[in-house]
Amino acid sequence: MLTDRPEPRKRLLRLRLNGRWREDAVAESELLVDYLRDVARLTGVKTGCDGGECGACAVLIDGEAMPACITLAVRCEGRSIETIEGLVEQGRPSRLQRAFHEKLGTQCGFCTPGMIVASEALLRKTPRPSDQEIRAALSGNICRCTGYVKIIESVRTAAEAAP
Amino acid sequence: MTILARDLHIDRPSNVQEAIAARRAHPGSRFIAGGTDLVVSMRHGLSRPGVLIDLSRIEELKGIQFGEQGVRIGAGVTLAALARDAVIAKSYRAVAEAAQTIAGPGHRAMGTVGGNLCLDTRCVYYNQSEWWRHANGFCLKLRGEICHVAPQGRHCHAAFTGDLAPALLALGAEVEIAGAERNRRMPLGELYVEDGRAHLALAEDELLVAVYLPAAPPPSAYAKVRVRGAIDYPLAGVAVALAALDGVVKSLRIGLTGTNSRPFVLAGTEAIVGRPIDENALQQIERLVQKQVQPMRTTIASAHYRRLAAAALARRLVDRLFAGTQ
Ligand SMILES: Cc1cc2nc3c(=O)[nH]c(=O)nc-3n(C[C@H](O)[C@H](O)[C@H](O)COP(=O)(O)OP(=O)(O)OC[C@H]3O[C@@H](n4cnc5c(N)ncnc54)[C@H](O)[C@@H]3O)c2cc1C
Ligand code: SF4
Ligand code: FES
Ligand code: FES
């Protein structure tokens, strides 16, 4: 409903994205999810809802999983952002990524980046979580395919595979 | 890509006075804390500020401090920090329980106490996308002519659905508010007005700085009913603070949310003081709740259900807390 809008005011945004510092000119109204997908071209970050309800857009901000669709990009100045792409270890899928693949924790795959990012935040803090802790950590993420059982199994498998 | 605003500027004051000055300098601006309520509203076109005043750098809004007088909780404290504080969890249990039930873990890491207490009221006809509301002719709360919930009236019945307020109310909280002239301190209950369109008794340039809870609190608990077990606002939420001695109630305060346009303390609980909690007392509490809650068709669950649920939650919590003191 906003037509013929003038070029919005931009600011230089400096942040650490998947381990590398970068700078971009970003409109102050830009959402982190749009910055990540359209500017940084990290399309693993998904948009699954109208704002804040589904967890598909979850990214790690200073290690905490947060919804990028209700985060203003310029408020991430100086912070460390990690996306599903950044969780790959030396070009290979991480433990969690492998476990989701092997244990069928992913079906259509739309919720998967958010699920894995939220699980990653959990395992960094709690390497051996109980099922209850896994459920609580994923309670902000919605999946319309798997029924969640396989997702919890995937996270448990990844935790058990840790050295 | 979502376009939030034609042009948006974010101001980053470093203290409360600068924040208030910025708010006065920019009519139509808004304070932003965690942004988990405001940014969703902006996405839905419910709020279109040209300037956001970012509160996240203000030290005075941070931290939880314990002293002889009780606790000071800064308005900028996140819900996650509040929920995991060991002393809050032990002594002010209802507050920790309420914080823990708010939204999902990501929202709790971002969302703050101030944002939760100043949350906008909600309604099924209001918390919708712009095109949805446009197709429905908008409503009284914003841009429309009638209220779809009570079309005959000129009143908005959107419900206050913050979870922290009832817990803080039950425990006798006060709030500190900063304005251009001076800071004032008042009971939390006085922050709210029974009006879905204007439920906060705050001037535009006033800022919530901190919440204070008295020392030596009675045992307390919080419970809510919601459509889904996770990431969901309360259809009704109840906090109870109850002290008992020698088998009778010494003090009883019940805070409610989700049913009215403001959170409130249940009136009439003095009648239970000095008595044991028996079936009689429980029924009396249920009746008080059923009389004072005013749920309207602002959620997909029926108003009648929310009335009964609020009463049932109050009954259960009172029963459980009293049994715990025996
Ligand atoms: C999917 C979803 C589910 C949710 N579920 C719940 C729930 O179950 N229970 C619940 O209570 N909430 C829920 N919320 C709402 C929200 O996440 C929380 O209420 C949160 O605490 C809001 O805090 P914030 O700091 O993010 O607020 P913001 O969005 O930053 O601000 C909210 C409002 O408060 C004002 N404000 C903020 N700080 C101050 C201050 N210090 N002084 C004056 N005004 C101020 C802002 O101007 C704005 O109007 C949910 C949100 C989403 C997206
Ligand atoms: S109660 Fe009525 S006026 Fe208020 S938001 Fe709902 S439909 Fe709109
Ligand atoms: S797209 Fe961010 S929570 Fe749904
Ligand atoms: S796998 Fe399809 S939404 Fe989860």
Side-chain angles (χ1 to χ4, degrees), chain A residues 1-11 13 26-35 37-39 47 49-55 57-75 77 79 114 117-118 121-122 125 133 135-142 148, chain B residues 1-12 32-46 48-52 54-57 78 80-81 83-84 100-111 115 127-134 226-233:
Chain A
M1 253 153 260
L2 296 172
T3 44
D4 70 54
R5 64 208 135 84
E7 192 53 21
R9 218 178 327 200
K10 291 197 172 183
R11 259 175 42 115
L13 168 66
V26 171
E28 293 198 82
S29 59
E30 185 144 42
L31 292 166
L32 181 61
V33 67
D34 295 328
Y35 164 79
R37 288 182 58 89
D38 302 342
V39 178
T47 294
C49 72
D50 217 9
E53 298 195 30
C54 74
C57 64
V59 297
L60 298 180
I61 304 182
D62 293 336
E64 298 270 8
M66 297 191 194
C69 71
I70 52 172
T71 301
L72 289 157
V74 296
R75 292 185 91 201
E77 176 73 37
R79 303 180 81 173
V117 161
L122 169 70
K125 275 188 248 172
E133 286 169 318
R135 281 166 184 273
L138 298 182
S139 62
N141 296 73
I142 291 175
Y148 302 99
Chain B
M1 177 161 163
T2 310
I3 295 143
L4 273 193
R6 223 176 286 262
D7 196 11
L8 182 72
H9 173 66
I10 304 180
D11 205 271
R12 293 175 182 71
I32 183 166
T36 59
D37 183 43
L38 187 58
V39 177
V40 178
S41 300
M42 288 169 68
R43 290 186 57 139
H44 290 178
L46 296 169
R48 301 182 184 281
V51 175
L52 289 177
D54 184 341
L55 304 178
S56 61
R57 297 191 179 178
T78 64
R84 69 170 171 257
Q100 192 58 41
T101 66
I102 296 170
H107 308 91
R108 293 196 291 275
M110 293 165 71
N127 298 96
Q128 300 288 353
S129 61
E130 176 102 24
W131 62 261
W132 193 104
R133 283 176 292 118
H134 179 73
R226 43 185 166 179
V227 176
R228 317 185 277 230
I231 359 176
D232 220 345
Y233 292 90

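Distance check, rounded to the nearest 0.5 Å: OG of A/S139 to CG of B/D232 gives 11.5 Å.
Contact annotation: the side chain of B/M110 approaches that of A/P67 to within less than 4.5 Å [non-hydrogen atoms, C-beta and beyond]. Using a 4.5 Å heavy-atom cutoff, the side chains of B/I10 and A/R11 are not in contact.
If you measure heavy-atom distances from A/A136 to chain B, the contacts under 4.5 Å come from the backbone alone. If you measure heavy-atom distances from A/A65 to chain B, the contacts under 4.5 Å come from the backbone alone. Contacts of A/L138 with chain B are absent, with no heavy-atom separation under 4.5 Å from either backbone or side chain. Neither the backbone nor the side chain of A/C57 has a heavy atom closer than 4.5 Å to any heavy atom of chain B. For A/A121, no part lies near chain B; criterion is any non-hydrogen pair under 4.5 Å.
The residue among A/D50, A/N141, A/I142 with the most heavy atom pairs within less than 4.5 Å of chain B is A/D50.
B/H9 approaches A/E28 most closely through the heavy-atom pair ND1-OE2, 2.9 Å. Taking each heavy atom of A/A137 and B/P105 in turn, the nearest pair found is O-CG, 3.7 Å.
For B/D54, the side chain to side chain donor-acceptor pair (under 3.5 Å) partners at least two apart in sequence or on another chain are A/R75, B/S56. A search for side-chain contact (heavy atoms from CB on, under 4.5 Å) contacts involving B/R57 returns B/R12, not counting sequence neighbours.
Among B/V39, B/D37, B/L38, the one residue that satisfies the side-chain contact (heavy atoms from CB on, under 4.5 Å) test with A/I70 is B/V39.
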